[in-house]
Amino acid sequence: MGDWLANLYPWIKAFHIMAVIAWMAALFYLPRLYVYHAEQVGLSGDTHKLFQTMEYKLLKVIMTPSMIATWVLGICLATIPGVIDWSAVWPWTKLFGIVAMSGFHGWLSAQRKVFAAGGPIKTGRQYRMMNEVPTLLMVLIVLSVVVKF
């Protein structure tokens, strides 16, 4: 199985990087939408409905498909012989970061349902603080892959 994947390595890696970029963009943007939704919009009215639509589409049309593509392509890359030295520390720190990022994705999805159900929602400050989570995880993942500590 690894031979044909090895031949496609540059393509798989390129599409993996594109999927990661799309996923990260959405992971940065959705909590920011939650900040504005909590601070400026509230849980009723036309603007609330507009924000719910934006949040839903960002999650379902961009964020979740790009996460799935990231995972599938990443698993393909990981199965190519010689790409990963599993005796090193870096693949495990990267995997931890990816699993944590996926958990954060799940938390954001749950928060969208809280907004849709009418609360109780977190404060804008709490959503701002949560907006830092993907940045910290991104730093861990990128350093793991590039520096290979």
| query | Shortest non-hydrogen contact from Ala26 to Leu58? | reply | CB-CD1, 3.9 Å
| task | State yes or no: do Ile17 and Trp90 share one hydrophobic cluster built from I, L, V, M, F, W and Y residues joined by side-chain heavy-atom distances below 4.5 Å, directly or via other members? | result | no
| query | Of the non-hydrogen atoms in Asp85 and Pro91, which two are nearest, and what is the gap between them? | reply | O-CG, 3.4 Å
| Going hydrophobic residue to hydrophobic residue with side-chain gaps under 4.5 angstrom, can you get from Ile12 over to Ile21? | no
| said: Suppose we screen for ring-ring contact (aromatic ring centres under 6.0 Å, His included). Which residues come up paired with Trp71, at least two apart in sequence or across chains? | reply: none
| said: Any heavy-atom pair between the side chains of Thr64 and Trp23 that's under 4.5 Å? | reply: no
| Any link between Leu136 and Phe96 through a network of hydrophobic side chains (Ile, Leu, Val, Met, Phe, Trp, Tyr) touching at under 4.5 Å? | no
| said: Under a 3.5 Å distance rule, please check whether Trp92 uses its side chain to pair with a backbone N or O of Trp86 as donor and acceptor. | reply: yes
| task | Compare all side-chain heavy atoms of Met130 with those of Gln111 and state whether any distance is below 4.5 angstrom. | result | no
| query | Do you reckon Tyr56 sits in the same ILVMFWY cluster as Met67, going by side-chain contacts under 4.5 Å, direct or chained? | reply | no
| request: Indicate the atoms forming the closest heavy-atom contact of Val114 with Pro120, along with that distance. | output: CG1-O, 3.0 Å
| said: Test your reading of the model: is there a side-chain donor-acceptor pair from Ser109 to the backbone of His105, 3.5 Å cut-off? | reply: no
| Within a radius of less than 6.0 Å around CE of Met129, do more than 12 heavy atoms belonging to other residues, nucleotides or ligands occur? | no
| request: Report the distance from atom CG of Asp3 to atom CD1 of Ile80, rounding to the nearest 0.5 Å. | output: 10.5 Å
| message | Would you say that more than 12 heavy atoms from the other residues, nucleotides or ligands in this model lie under 6.0 Å from the CH2 of Trp11, or not? | response | no
| Does NZ in Lys57 sit with more than 12 non-hydrogen atoms of other residues, nucleotides or ligands closer than 6.0 Å? | no
| query | Do the charged groups of Glu39 and Arg128 touch, with an N to O distance under 4.0 Å? | reply | yes
| query | Are the aromatic ring centres of Tyr36 and Phe51 under 6.0 angstrom apart? | reply | no
| task | Please report the shortest heavy-atom distance between Phe28 and Pro31, naming the atom on each side. | result | O-CD, 3.7 Å
| task | Give a yes or no answer on whether the side chain of His16 reaches the backbone of Leu77 with a donor-acceptor pair at less than 3.5 Å. | result | no
| query | What is the distance from atom OG1 of Thr47 to atom CE of Met54, rounded to the nearest 0.5 Å? | reply | 9.5 Å
| query | For Thr79 and Cys76, which heavy atoms make the closest approach, and how far apart are they? | reply | OG1-O, 2.8 Å
| task | Report the distance from atom CG of Leu50 to atom NE2 of His37, rounding to the nearest 0.5 Å. | result | 9.5 Å
| remark: Rounding to 0.5 Å, atoms NZ (Lys94) and CD1 (Ile98) come to a distance of 4.5 Å
| field | Atom pair CH2 (Trp107) and CZ (Arg112), whose distance is rounded to the nearest 0.5 Å | value | 14.0 Å
| Passes side chain to side chain contact (heavy atoms under 4.5 Å, CB included), Met24 versus Val20? Steps please. | CA-CA 6 Å; Met24 290 302 304; Val20 169; 4.1 Å; yes
| message | Would you say CZ of Arg32 has more than 12 non-hydrogen atoms from neighbouring residues, nucleotides or ligands within 6.0 angstrom? | response | yes
| Between Asn131 and Tyr34, does a side chain to side chain contact (heavy atoms under 4.5 Å, CB included) hold up when you go through it step by step? | CA-CA 10 Å; Asn131 201 32; Tyr34 292 163; over 6 Å; no
| query | Does CZ belonging to Phe104 count more than 12 external heavy atoms closer than 6.0 Å? | reply | yes
| About how many Å separate OG1 of Thr135 and CG of Leu27, when rounded to the nearest 0.5 Å? | 10.0 Å
| said: Please tell me whether Val89 and Val139 are part of a single hydrophobic cluster in this structure, the criterion being side-chain heavy atoms less than 4.5 Å apart. | reply: no
| query | Side-chain contact, heavy-atom cut-off 4.5 Å: Lys13 with Leu73? | reply | no
| request: Indicate, with yes or no, if the rings of Tyr127 and Tyr29 have centres closer together than 6.0 Å. | output: no
| message | Show the nearest heavy-atom pair for residues Ile62 and Ala22, with the distance to one decimal. | response | CG2-O, 4.1 Å
| message | Do Ile141 and Met138 make a side-chain contact, defined as non-hydrogen atoms from C-beta onward lying under 4.5 Å apart? | response | no
| query | Between the main-chain N or O of Ala110 and the side-chain N or O of Lys113, is there a donor-acceptor pair closer than 3.5 Å? | reply | no
